[in-house]
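All of these numbers come straight from a predicted model, not from anything done at the bench.
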Amino acid sequence: MSLFEASEAANRRSAEPLAARMRPTTLEEFVGQRHFLGEGKLLRRLLKADRLGSVIFYGPPGTGKTTLAQLLATASRSDFQQLSAVTSGVKELRETLVAARDRLSANGQKTLLFVDEIHRFNKAQQDVLLPDVEDGSVILVGATTQNPFFAINSALVSRSRIFQFQPLAPDDIRTLLRRALADRQRGLGAHDVLLDDDALEFLVEVSDGDARRALSALEVGVLSSDERPLRFSRALAEESVQRKAIEYDATGDAHYDAASALIKSIRGSDPDAAIYWLARMLEAGEDVRFLARRIVIAASEDIGNADPQALSLAVSAMQATEFVGLPECQLPLAQAVTYLACAPKSNAATLAIGEARRDVAEGALLPVPVHLRDKHYAGAERLGHGKGYEYAHDAPDGVAAQDYLGVDREYYRPVPRGFEAQLAERLAAIRAKLRSGRDLR
């Protein structure tokens, strides 16, 4: 490298943000993702066996997807090529694949092609990759924040191993921050910084497992302060952190996961968790009509007759949402969510309709008993329709000893909770009387 080239490289490095400068240069320096990169884990074993094939890295930003792709290229002695699905078209993609085949033919060197945000490629662009992925001309590493089973062609997914990245653990973030403060070449070691413990813990907490965010906040705090030596306090940390944008795709994985968490928290009787997931979805711009519909469904599916008022409240919240809109509709939605979470739970009605429909679908088509058939037309009497029908209101308790189905079948089984416990007691007496009517026939 010439003197000019070295100077140019140094200038480029000085312009890089701290998170870029502190990227690890070896797998041993890489922090996090031990569940697939730790000693003896799958990705480490693939590297050891020199059998690294195409992979898809799936996970939130700032967890090391790009960095690990670069390290894998080094570890597998492959030429590293990077494309962004946002800015690259089919022409550039084809040129990169042709060059990779030529490189493999000429000197036997593999090419690791890293495609950032691969879910942004359309189907045609993803299909271009298939032949080269299949015959091993390139090692594809696709990075995505979206669930690949939703966002990437099934043909490409089936030819790749999926590695799901997790947010970095608090200890991992602490390690990276301390490493950045100690490193005098790439980090902030030359700035004489003393990081207070509570400032460190604050940066760890607000980073939410995102290394880039933690390092960026640290760099802003250090470089924006003239004091040397610098005592990096919690107050300075708070001033250096930007509000994190919520990662949320209203039609993708985040949408379904958050909705699932909301419903399961209601079902699990945790109003605090339920209200958090409601807030998370509202802040992300979720369609409030979708939220209202899900709350109405939960009122019947998971609460049912254990608290019949739950459905009325949920429907009222849905109507109020339509009437007042945002931001005020968050109030009736919050009222409904917390009420439903605290209400007694029953899925008896849900199970009942499911069993009954299954019987019908499987061919258990019972004839309507003759005494229940419509008799309000000419000729019905001659067919015997309605004969023997007992008007329930004529019975002292409002229940006639009469068969309404033709077979002895119980679909609805009330749970011993809430109002449904009272229904269960009443239903036992009703069923005994109905059964006596069936026996008389």
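Look at Glu390 and Lys433 and you find no salt bridge, because none of the NZ, NE, NH1 or NH2 atoms lies under 4.0 Å from a carboxylate O. Between Glu286 and Arg280 there is no salt bridge, since none of the side-chain N atoms of the basic residue sits less than 4.0 Å from a carboxylate O of the acidic one. A salt bridge links Glu410 to Arg435: one of the charged nitrogens lies within less than 4.0 Å of a carboxylate oxygen. In summary, Asp196 and Arg234 do not engage in a salt bridge, as defined by a charged side-chain N under 4.0 Å from a carboxylate O.
For Arg426, there are no side-chain hydrogen bond (donor to acceptor under 3.5 Å, both in side chains) partners at least two apart in sequence or on another chain. Looking at residues two or more places apart in sequence or on another chain, you find a side chain to side chain contact (heavy atoms under 4.5 Å, CB included) between Ala180 and Leu18, Met22, Leu215, Leu218. Annotation: side chain to side chain contact (heavy atoms under 4.5 Å, CB included) contacts of Asp171 (sequence neighbours excluded): Arg174. Qualifying salt bridge (Lys or Arg N to Asp or Glu O under 4.0 Å) partners for Glu219, counting only residues two or more places apart in sequence or in other chains: Arg21. Contacts of Arg293 classified as salt bridge (Lys or Arg N to Asp or Glu O under 4.0 Å), with partners at least two apart in sequence or in another chain: none.
Here the CZ atom belonging to Arg34 is positioned 12.5 Å from the CD atom belonging to Gln166, to the nearest 0.5 angstrom. For the atom pair CE (Met281) and CD (Gln330), the distance works out to 14.5 Å, reported to the nearest 0.5 Å. Summarising the geometry, atom CD1 belonging to Ile139 is positioned 12.5 Å from atom CG belonging to Asp132; distances are rounded to the nearest 0.5 Å. A distance of 12.0 Å separates OG in Ser207 from CZ in Arg212, rounded to the nearest 0.5 Å.
No hydrogens or angles considered: a donor-acceptor pair under 3.5 Å links the side chains of Asp307 and Tyr339. In this model, a donor atom of one side chain and an acceptor atom of the other lie less than 3.5 Å apart for Glu420 and Ser346.
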Distance-only donor-acceptor hits, side chain of residues 351-363, under 3.5 Å, sequence neighbours excluded:
residue: Glu355; atom: OE1; partner: Arg413; partner atom: NH2; Å: 3.4
residue: Glu355; atom: OE2; partner: Arg413; partner atom: NH2; Å: 2.3
residue: Asp359; atom: OD2; partner: Arg409; partner atom: NE; Å: 3.2
residue: Asp359; atom: OD2; partner: Arg409; partner atom: NH2; Å: 3.3
residue: Asp359; atom: OD2; partner: Tyr411; partner atom: OH; Å: 2.6

